[in-house]
Amino acid sequence: MEEDDLAKAFDAMSFFRPPIVRSAGAILDRALFSKTFPISAARITNLKKISEYRTKLAKSRELLRLERITNVQPDPNPALAPKGTKCLLLSPEVKSEEPNTWSAILKEAVEKEEVKVVPYDLKLEYSYWTYHDIMTSILPDEAQEEIPVGFAIVGHVAHLNLRDEYLQYKNLIAEVLMDKNPGIRTVVNKIDDVGTHSEFRTFDYEVLAGPDDMDVEISEGDCIFRFNYSKVYWNTRLQTEHKRLVDSFSRGEVVCDVMAGVGPFAIPAGKKGVFVWANDLNPDSYEAMVDAIKRNKVQPFVRPHCEDGHTFIRSAADTVLSLASTGENTASIPAKPYRPKYWTGPPPQPTIITIPSTISHFVMNLPATAIDFLGSFNGLYAGHEDLFAEDQGRKLPMVHVHCFSTKSDDNIAECHDICQRITEKLGYEVHPRIGQGRNANTEHWEKLALQEGEVLVREVRDVAPKKRMFCASFRVPRELAKTDESKTLAYVAWAFVVSRIHFSVHLPETSGY
Ligand SMILES: C[S@@+](CC[C@H](N)C(=O)[O-])C[C@H]1O[C@@H](n2cnc3c(N)ncnc32)[C@H](O)[C@@H]1O
């Protein structure tokens with residue numbers, strides 16, 4: 001857009017403003033938002049010339065350019081409109097009574113009697129204005145600076161987290177939000193911090209508009225999930241993290257999702273042919289995950305569990321290992337029902353896939369406390385060390401543990417903080433991966449070739465002004481997988497004492513963090 005074009009667009013924006021209706025706190029009266037703007041229109045006498053004049057008047061920049069309003073309208077004259085006469089809406093600068101405001105193009109068209117410039121009343125109603133327009137018009141001056149715009153949409157539910165100063169307008173905000181987002185039927189406001197309500201990371205809420213119906217259906221990662229949003233954890237903002245980890249798993253691997261929720265890692269992973277041992281302690285999450293497994297037809301790949309993550313880490317490793325001994329280490333994938341019309345051969349056979357005997361990845365997304373679960377990896381494969389002997393070509397599992405830390409520009413202090421916490425809980429000293437870019441591509445763990453004790457700390461998202469969520473990935477150390485727990489407990493106690501006396505980490509000058 002040219003500079004004066006921009007200026008014109010800006011003028012039009014400031015000309016077409018909704019009426020000021022300072023009724024915050026009161027009932028939303030939609031009728032008060034109707035406003036008539038006296039502008040002009042070019043009546044086109046010959047219908048066939050509409051498109052020609054539309055182009056010409058656009059060129060002379062006299063055509064009205066207003067979002068969501070088409071500039072070809074029925075003629076304002078009630079006698080002509082039914083006959084199909086059309087007009088082109090003009091910019092507010094073009095006045096029907098003042099030919100000196102017309103361009104040469106317009107003047108010439110009028111002289112040729114192909115166009116007549118007539119007054120036009122453009123009526124804009126409540127339905128025209130955006131959420132932001134309406135809130136600007138309703139809220140008092142002191143509340144204009146940060147009009148609430150951020151909310152999560154989970155199915156038909158809009159989830160607000162209003163700041164205290166906006167609570168007095170909460171019902172108005174909710175009503176307008178619902179009016180302006182046709183897919184939203186219920187608006188709720190969070191009334192405490194996630195996690196304070198329950199260990200299952202659910203939240204207390206208040207319904208601001210619509211029915212108290214929290215049964216939602218959502219789609220993520222090409223999968224459908226149905227759950228009650230008040231009973232289970234769901235966060236739309238984790239979509240990228242879910243996809244990132246799922247993309248990094250390979251078909252045919254075994255993944256253990258220790259805190260799986262309703263399955264946003266597990267179900268899409270299953271859909272891509274990854275075997276998933278998926279667990280959540282919350283019975284409602286477990287139920288929703290069972291439903292999602294059926295709904296998305298991933299039964300051969302995803303096995304749901306409902307137990308404490310501390311014990312699940314070990315029981316999952318043991319179960320996967322014992323499958324071969326009981327002959328249950330295969331999955332049967334039904335053949336696709338489609339067959340060519342004249343097929344006379346035998347029905348297509350299911351595909352049988354062998355499930356590996358060891359787990360390739362553990363996912364632990366419970367950022368507030370997941371690091372505390374790391375002790376369970378001690379002795380994970382004690383007595384089965386030969387499984388990971390050099391000649392077996394098998395790697396110890398990767399652990400992807402989510403956690404919170406502080407926020408900084410380079411994440412260096414945070415990487416060390418996270419590694420120190422992992423060291424303490426694991427009973428094995430780990431350190432940040434050196435020379436790794438802050439947000440390294442993790443699609444191929446093999447290519448990253450993490451060394452034993454190296455941790456790749458990846459930023460996930462900011463959760464508060466001073467708090468960031470991370471995902472720390474590392475391979476279970478060989479020593480640790482075979483260590484018996486009594487030795488580890490002694491190490492943890494020793495590490496704890498040492499960390500209280502002195503703990504310092506030096507970052508090599510070449511660090512790429
Ligand atoms: C932050 S949510 C993450 C859920 C899911 N992975 C996701 O990405 O949406 C953490 C989950 O851990 C579950 N949880 C809490 N304590 C647990 C425990 N001791 N063992 C297993 N799961 C637990 C909660 O019920 C919740 O579903």
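Order of appearance sets the numbers: ligands from 1, and atoms from 1 within every ligand. Position 1 is the first residue of the sequence, and the numbers go up from there.
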Trainee: Charged N to carboxylate O under 4.0 angstrom, Lys407 versus Glu459?
Mentor: no

Trainee: Is the distance between the ring centroids of Phe312 and His305 less than 6.0 Å?
Mentor: yes

Trainee: Kindly indicate whether the side chain of Asp462, heavy atoms from C-beta on, has any atom under 4.5 Å from the side chain of Lys467.
Mentor: no

Trainee: On the six-membered ring of Tyr128, is Arg68 placed so that its NZ or CZ lies under 6.0 angstrom from the centre and within 45° of the ring axis?
Mentor: yes

Trainee: Met214 pairs by side-chain contact (heavy atoms from CB on, under 4.5 Å) with which of Val207, Val154, Val232, Val157?
Mentor: Val157

Trainee: For the residue pair His242 and Phe265, does the interplanar ring angle fall in the parallel (under 30°), tilted (30 to 60°) or perpendicular (over 60°) class?
Mentor: perpendicular

Trainee: Does ligand 1 have any N/O pairs with the protein under 3.5 Å, and how far apart?
Mentor:
| residue | atom | partner | partner atom | Å |
| --- | --- | --- | --- | --- |
| ligand 1 | 6 (N) | Met259 | O | 2.8 |
| ligand 1 | 8 (O) | His242 | NE2 | 2.8 |
| ligand 1 | 8 (O) | Asn365 | ND2 | 2.8 |
| ligand 1 | 19 (N) | Asp308 | OD2 | 3.4 |
| ligand 1 | 20 (N) | Gly309 | N | 2.8 |
| ligand 1 | 22 (N) | Leu281 | N | 3.3 |
| ligand 1 | 25 (O) | Asp280 | OD1 | 2.7 |
| ligand 1 | 27 (O) | Asp280 | OD1 | 3.4 |
| ligand 1 | 27 (O) | Asp280 | OD2 | 2.7 |

